[in-house]
Asker: 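First the structure, then my questions, so here it is.
First listed ligand is number 1; within each ligand, the first listed atom is number 1.
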Amino acid sequence: MEAKYGLLKSDTKGEIVPDTVIRFYNERKTDGHLDKCLDMAHPVRAFYIQHRVYNEWGAMIEDLKANKTIALQPTVAGFLHKYKSVMTSLGFWPALGDVAGAADNILRLWNVYDLNVKDIIDGEIASTMSRPLKKNEIEFITGTAKNLEMVYYHLSLLSELYNRTQDEAEKENYRKRLNKEYYLIKTRTSSTLLAPTLAYTDFQRFQAHNLVIKEATRSSISQDDINSFFAPPNTFMKLCRGPAKSKIVESKLRCYLRKTAIPIYMAKEEVVNYTPRISLFHDVISNDDIRQLKKAGTKKLTHSRTGGGYVTRLRVSQTGWVYDQAIPQVSRRLARRIANIVNLDTTFRSKASPVEPWQVLSYTTGGYYGEHIDPDIGDEFLWNMTEAVQGPRALWRKHTGQRIATWMFYLSDVEAGGATVFPKLEARVPVVKGAAAFWYNLTPSGKIDRRTQHAGCPVILGSKWVCNKWIHEVSQEFKRPCGKTVASEDFYEDEYMPPY
Ligand SMILES: O=C(O)CCC(=O)C(=O)O
Ligand SMILES: [Fe+2]
């Protein structure tokens, strides 16, 4: 088989080494050591690694393997071996969707945290550097922004491509493309808006369209034109970016030592919001138990799903359900601790269990969970769910009622980002390793309390691990008796918010 690469002599042993391998080793020097490549903690690095593996490595490896003489030479064989170990630790071979997902992560972080486009391209995120992005990589992210109809981001990236090139012909190309994209977007919006009222004929619209396209490639657009597509941040984004409550409300928030079922054990409770009460309990899980939960969870990790069993852009993380049998001692210890603190039944049972198994969640850079509530929204969800798509949740829900409360352990700290936020309450829970957040999802009358709508902010740097213990209504009848009034409104319009 004809190899598609050029052959170069390696400087050392007189071997014939394909230039792709030489280039690979050279890039390794500029991109950092391979081991560092596996470190997906930085969003820009996580993107370019997957982009490169997807675009270059596949073809290159196939080529090398096809040529036995070359593949057997020490340098190339060593490379193939190294590549295999990289793939083993990476755990997956990135597909186009993964590369687009990594680009989407960057766009999400830019959008939610109002990052600077120049910093992103230079590889600087939250004062942490990776190498700068190359032109074809910027192009890929530009294309992703276009597909996702993130207009401001799409045009800003094109404008950067234009600004950064020195080549006159290329500059002219980018200018034309930028203007054309701008006017296409402009006319698309206005023609859809105007068409029904002004009753344009198709031909008139066609003419008008052609005119602006012609115009577009002649004129030039300004930063103000691009900025006109910028949308102000919503409450979710604002909370992710900064401190939660206003100073006045914040000053009422207190830390307590709260009595538990065990006389000598006082729980350290930080009240994050009063009505409804959202608490952060500090020092409620040991490092050793964290390690065991993460280990058991890691074995089960798979794409996270939202209510109904869907993999969507609303929830970007990995989920592993851990049953008590996998870590019996840890489970017993933790379940008792939760029960002692919040006075609810947390004993896992095979039938009519008041709790679900442990749900271990892992977020890497860009990972997040958009606004949602934890209980199921309506019974139509219930009947559509199967054990296979929705984990054990479907069965439990049938016999055990709604998720009356959420207990969420933080199994890690996070380098930047990742707070848990409650936009309707303007409350923000920081990620604190060893702590746990707790709140009731239902009012005392058993209605869903919409004020508890919450989100996990995107992780900027590093990774974030949490573990949910969902507590159900069954067998809490005497622990939390039903109230007689409906304390919160019941409305459904904004059940699942657009991702960001
Ligand atoms: O990760 C977070 O901060 C929130 C997770 C969450 O809300 C959930 O898993 O239901
Ligand atoms: Fe949640």
Asker: Give a yes/no verdict on a cation-pi contact between Lys464 and Tyr363, requiring under 6.0 Å between NZ or CZ and the six-membered ring centre and an angle within 45° of the axis.
Answerer: yes

Asker: Which part of Val431 is near ligand 1, with near meaning a heavy atom under 4.0 Å away: side chain, backbone, both or neither?
Answerer: neither

Asker: Specify side chain, backbone, both or neither for Gln453, according to which of its non-hydrogen atoms lie closer than 4.0 Å to ligand 1.
Answerer: neither

Asker: Any salt bridge between Asp122 and Arg164, counting N to O under 4.0 Å?
Answerer: yes

Asker: Taking His472 for the side chain and Trp470 for the main chain, is one N or O donor matched with an acceptor at less than 3.5 Å?
Answerer: no

Asker: Quick one: do Phe422 and Trp439 satisfy ring pair (Phe, Tyr, Trp, His ring centres under 6.0 Å)? Show the steps, please.
Answerer: CA-CA 11 Å; Phe422 295 74; Trp439 66 89; 4.9 Å; yes

Asker: Give a yes/no verdict on a cation-pi contact between Lys469 and Trp407, requiring under 6.0 Å between NZ or CZ and the six-membered ring centre and an angle within 45° of the axis.
Answerer: no

Asker: So what's near the Fe ion (ligand 2), protein N, O or S atoms under 2.8 Å?
Answerer: His372 NE2, Asp374 OD1, His454 NE2

Asker: Give me the nearest non-hydrogen protein atom to atom 2 (C) of ligand 1 as residue plus atom name, then the distance to 0.1 Å.
Answerer: Lys464 NZ, 3.2 Å

Asker: Pick one of side chain, backbone, both or neither for how Asn468 approaches ligand 1, counting any non-hydrogen atom pair under 4.0 Å.
Answerer: side chain

Asker: Between the side chain of Glu269 and the main-chain N/O of Cys255, is any donor-acceptor distance below 3.5 Å?
Answerer: no

Asker: Measure across Phe281 and Ala267 and return the closest heavy-atom pair with its distance rounded to 0.1 Å.
Answerer: CD2-CB, 4.0 Å

Asker: As an exercise, identify every atom of ligand 1 less than 4.0 angstrom from a heavy atom of Arg315.
Answerer: 9 (O)

Asker: Looking only at N/O atoms, are Tyr363 and ligand 1 under 3.5 Å apart anywhere?
Answerer: yes

Asker: Parallel, tilted or perpendicular: which fits the ring planes of Phe140 and Phe47, with parallel below 30° and perpendicular above 60°?
Answerer: tilted

Asker: Output the list of atoms in ligand 1 that are nearer than 4.0 Å to some heavy atom of Leu361, sorted by atom number.
Answerer: 9 (O)

Asker: Which heavy atom of Ser353 sits nearest a heavy atom of Thr347, and at what distance?
Answerer: OG-O, 3.9 Å

Asker: Please list, in number order, the atoms of ligand 1 under 4.0 Å from a heavy atom of His372.
Answerer: 6 (C), 7 (O), 8 (C), 10 (O)

Asker: Under 3.5 Å, side chain of Arg337 to main-chain N/O of Val284, donor-acceptor pair present?
Answerer: yes

Asker: Once you round to the nearest 0.5 Å, how far does CG of Leu344 lie from CD of Gln476?
Answerer: 4.5 Å

Asker: What protein heavy atom lies closest to atom 3 (O) of ligand 1? Include the residue and the distance to one decimal.
Answerer: Thr420 OG1, 2.5 Å

Asker: Give me the one residue out of Leu461, Asp114, Ile460 that meets side-chain contact (heavy atoms from CB on, under 4.5 Å) with Leu109.
Answerer: Ile460

Asker: Show the atoms of ligand 1 that are less than 4.0 angstrom away from any heavy atom in Gly456.
Answerer: 2 (C), 3 (O)

Asker: Can you find an N/O atom of His454 closer than 3.5 Å to an N/O atom of ligand 1?
Answerer: yes

Asker: Please work out, at 4.0 Å between heavy atoms, whether the side chain, the backbone, both, or neither of Asp374 comes within that distance of ligand 1.
Answerer: side chain

Asker: Within 45 degrees of the axis of the six-membered ring of Tyr440 and under 6.0 Å from its centre: does Arg480 put its NZ or CZ there?
Answerer: yes

Asker: Flag Gln359 as yes when one of its N or O atoms lies below 3.5 Å from any N or O atom of ligand 1, and as no otherwise.
Answerer: no

Asker: Can you tell me if Trp470 has a non-hydrogen atom under 4.0 Å from ligand 1?
Answerer: yes

